[in-house]
Amino acid sequence: MSDLLDFLNPQQQQAVAAALGPTLVLAGPGSGKTRVLTYRIAYLIGALNVPAYRILAVTFTNKAARQMEDRVQKLIGEQVSGLWLGTFHSVCGRILRREADLLPVNQNFVIFDANDQLALMKEIVRESNLDEKLYRPSSLLDAISRAKNDLIEPENYPVRNFRDEQVQRFFIQYQQRLVKNNAMDFDDMLVYTNRILEDYPVVRETYGHKFEHILVDEFQDTNLAQYAILRLLAQKNRNLYVVGDEDQSIYRWRGADYRNILRFQQDFKDAKTILLEQNYRSTQNILDGAMAVIDHNRNRTAKKLFTDAKRGEKINLIIAQDDREEADLVVSAIHNAITHQKLSPGSFAIMYRTNAQSRLLEEAFRRVGMSYRLVGAQRFYGRREVKDLIAFMRLVYNPMDEVSLRRVINLPPRGIGDKTVEKVANLAARENLSMGETLLGLAAGNPDLHEALGREASRLAAFGRMLRSWRDCAEKNPITVLFDRILEDVGYQAHIQDQSEEGLDRWENVLELRMVALEYEEQGLQAFLESMALVADQDTLPETIDAPTMLTLHAAKGLEFDQVFITGLDEMLLPHSRSRDDEEDLAEERRLLYVGITRARKRLTLTRARRRRSPYGSYEETIPCRFLDDIPAELLQGSPQDIPGRFSYGRDSGYSRWETPSWMRSAPPLREAPKTRYKPGMQVQHATYGRGVVKASKLEHGDETVEVYFEGFGLKALVASLAKLEIL
DNA sequence: GCATCGGATTTTTTT
DNA sequence: AATCCGATGC
């Protein structure tokens, strides 16, 4: 086990073999942060003979957790069992299930995701008879989430004006309703865990004793609630080992507070601090560029990153005429590099600020017929049919879940409309039951309930019986049996496969979900539902296909690629329009770019577009991202004569002379431009506008856009496939 | 109760 | 552009 340390540099060794007690590892990007953490765990187990079950390791994503588990496994060589390793939320979930007796919900509680939260809040707002425009459910939830992350209880919600008063009222009601649903939201998982640790010394003692060692990754992205939990757990043994980098703090909007690093140093005065500054990832040029960007942020402990790596290639800069060209250039550059330089497709990553930006890239990839991996965005778990089925199963697991019940009670339509549902809700409230229990009671033949519901009773009872039979089924059978039963009983396939081609897609999603369920045969319904709630799809990415990866800058944290493209380096996108007014937000945008740049090992390409299609409306001129100005010109290549100071005062006249980097040269045409059906000068006939003359026609988004001048209507832009233009 | 149509409306990042 | 909501008509 002593040779464990042989593979590490002196700084890393020092970190891995640090004496017990509170320890803070400040690690720059690419300095082997994850490595240190995994080796530390292996060191504790292997060298110090700490039993694995006495260790708790917390990561930021499920994916990181899995990676770490794998690596520890490999280091130790034998099966590590009993080690608690997971995200804050999954760890809290585990504790809360065990200690459910102490909670206002029972052990079968479900976790409400963002959609469930919104559905519930909408209902509450509607019931309040207050203006839904003034009290937007999403902004209420936002305020509530912020409060929870700061461990503010509803009763203590700071009230400064009338609106706050209302928000507080909603906060209180929202919590009550969650309890009624036997549910909690993401933030509650932290809040409840903190509360039971705080309120019950026995619990604190139990877990404090159990977790002799606590290790935390991405510590800069913890929020106050998470920090409080850590502090309580570590109170006893004080072996809190945290790893972080304030320069990579990018989740402020979610309540993360990098000042937890300072809190840690204050609360644990004897904490050792270890700096990891040697970068093993990037070339010197990339590193220089990254540092140039981040050095502009104040309030940071300056780290001097260094590397033994070569200077490497300069940072490439691509300026496209518009966003579509930007996507094409990126894709063709990748295509070239793969075909001419024989680089592996999997070594490429394209990053962007917002998920919406992936669309044009996807189209560009499809145009050249290349496959790609898309992280996040089109969330599999966000698809309607997937959510439907999960709602069914959640209802089976927890009949008190009213949000799910409302979702599925009339799905597919079975004659139970809004009115009937409200009737059930009222009856349930009167009887002091949940709606689900009411239906189950009805199915059991309770005559009072039957009478109260009158005409609709039979249909409702039928649903109740179905629910009851599913519950029986779930008790005795694996999940997939339940899954199939539900599909069968409600005729779900027929429902989604009605007529369209889209139906086939949907059915495939259903089958895909079934495959996921299959993996939980052993662990059961609870584990399945919990993972559905806590596991984002970016964790479930198949890593098997060798293709370029597209992902947001946020999702890129913790990853690395040989070839990185960062697109959309324009104001409004990066920094994002919503972050431009607040200095702290702006600093975070800068860190975001820093994170992106430091993902690159060998080659970094930054791109922007002169014009961009705005959320709605036509093209708009863009302004170059202000952070570009901070990268010294000598680190850049691409359009040299334009580089110094050009970004802020773009004097380009729509024409740029590039010194194209060699690896980008000889781009094959992406495809021969398909011919447009309509030509300038053609006479056409339109149903509404009548006769007109084609002025221009171009291909866009795989479709033809025709500009036609109509007598009396002027110039109109029409989509050829929709407009039913007749050529005369 | 249900389906369809038209109008309005939009959050950036995610456990 | 895409989705969601409400109103309308069946």
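Note on A/Phe88: nothing from the nucleic acid sits closer than 4.0 angstrom, heavy atoms only. Within 4.0 Å of A/Lys122, counting heavy atoms only, lie sugar-phosphate atoms of the nucleic acid but no base atom. Among the heavy atoms of the strands, none lies under 4.0 Å from A/Asp187. Within 4.0 Å (heavy atoms only), A/Thr420 reaches sugar-phosphate atoms of the nucleic acid but no base atom.
Computed from coordinates, the A/Arg136 CZ to B/dT9 C1' distance equals 10 Å when rounded to whole Å. Atom pair A/Leu573:CG and B/dT12:C1' shows a separation of 9 Å (rounding to whole Å applied). Rounded to an integer number of Å, the gap from A/Arg580 CZ to B/dT11 P is 19 Å. Going from atom OH of A/Tyr251 over to atom P of B/dT12 covers 16 Å, rounded to whole Å. Rounding to whole angstrom units, CD of residue A/Glu588 and C1' of B/dT11 are separated by 15 Å. Per the geometry, CD belonging to A/Gln226 stands 12 Å off P belonging to B/dT15, to the nearest Å. A/Leu553 places its CG atom 10 Å from the P atom of B/dT14, with the value rounded to the nearest Å. If you measure from atom CG of A/Leu551 to atom P of B/dT12, you get 19 Å, rounded to the nearest angstrom.
For the OP1/OP2 pair of B/dT15 and a distance below 4.0 Å, the side-chain nitrogens and oxygens of A/Asn149 include no atom meeting the criterion. Checking the phosphate oxygens (OP1, OP2) of B/dT13, a side-chain nitrogen or oxygen of A/Asn355 falls inside 4.0 Å. Residue A/Asn223 places no side-chain N or O under 4.0 Å from the OP1 or OP2 atom of B/dT15. Between A/Thr552 and B/dT12 there is no side-chain polar atom (N or O) within less than 4.0 angstrom of OP1 or OP2.
A perpendicular orientation is assigned to the rings of A/Tyr227 and A/Phe219, their planes being inclined by more than 60° (bins at 30° and 60°).
Projected onto DNA chain B by closest heavy-atom contact, A/Arg459 and A/Arg578 fall at different nucleotides, the more 5' of which corresponds to A/Arg459. Nearer to the 5' terminus of DNA chain B, by closest-nucleotide assignment, is the contact made by A/Asn410 (compared with the other of A/Thr87 and A/Asn410).
Comment: A/Asp188 does not engage A/Arg195 in a salt bridge, judged by the lack of any side-chain N to carboxylate O separation of less than 4.0 angstrom. Here A/Asp247 does not pair with A/Arg591 in a salt bridge; the nearest charged N to carboxylate O distance is not below 4.0 Å. For the pair A/Arg366 and A/Glu363, the salt-bridge criterion is not met [side-chain N within less than 4.0 Å of a carboxylate O].
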What pairs of nitrogen or oxygen atoms, one from the protein and one from nucleotides 6-10 of chain C, lie under 3.5 Å apart?
none

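In this structure, of B/dT11, B/dT13, C/dA2, it is B/dT13 that holds the atom nearest to the side chain of A/His554. Proximity note for A/Ser579 (side chain, C-beta onward) versus C/dA2, B/dT12, B/dC2: the nearest is B/dT12.
Stacking of A/His89 onto the six-membered ring of B/dT15 is not present when judged by under 5.5 angstrom between centres and under 30° between planes. Centre separation under 5.5 Å together with a plane angle under 30° holds for the ring of A/Trp253 and the six-membered base ring of B/dT13, marking them as stacked.
With respect to A/Lys148, the side-chain hydrogen bond (donor to acceptor under 3.5 Å, both in side chains) criterion is satisfied by exactly one of A/Asn223, A/Asp185, A/Asp187: A/Asp185.
Judged by distance alone, with hydrogens and angles left aside, A/Arg254 brings no side-chain donor or acceptor close enough to the base of B/dT13 to form a pair under 3.5 Å.
Panel note: side chain A/Glu127, backbone A/Ile124; no donor-acceptor pair is recorded below 3.5 Å.
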key: Intermediate values then yes/no, side chain to side chain donor-acceptor pair (under 3.5 Å), A/Asn355 and A/Thr552   = CA-CA 6 Å; A/Asn355 278 307; A/Thr552 62; 5.1 Å; no
ask   = Between A/Tyr251 and A/Phe60, is a ring pair (Phe, Tyr, Trp, His ring centres under 6.0 Å) present by the stated rule, with each step listed?
value = CA-CA 11 Å; A/Tyr251 284 93; A/Phe60 195 68; 4.7 Å; yes
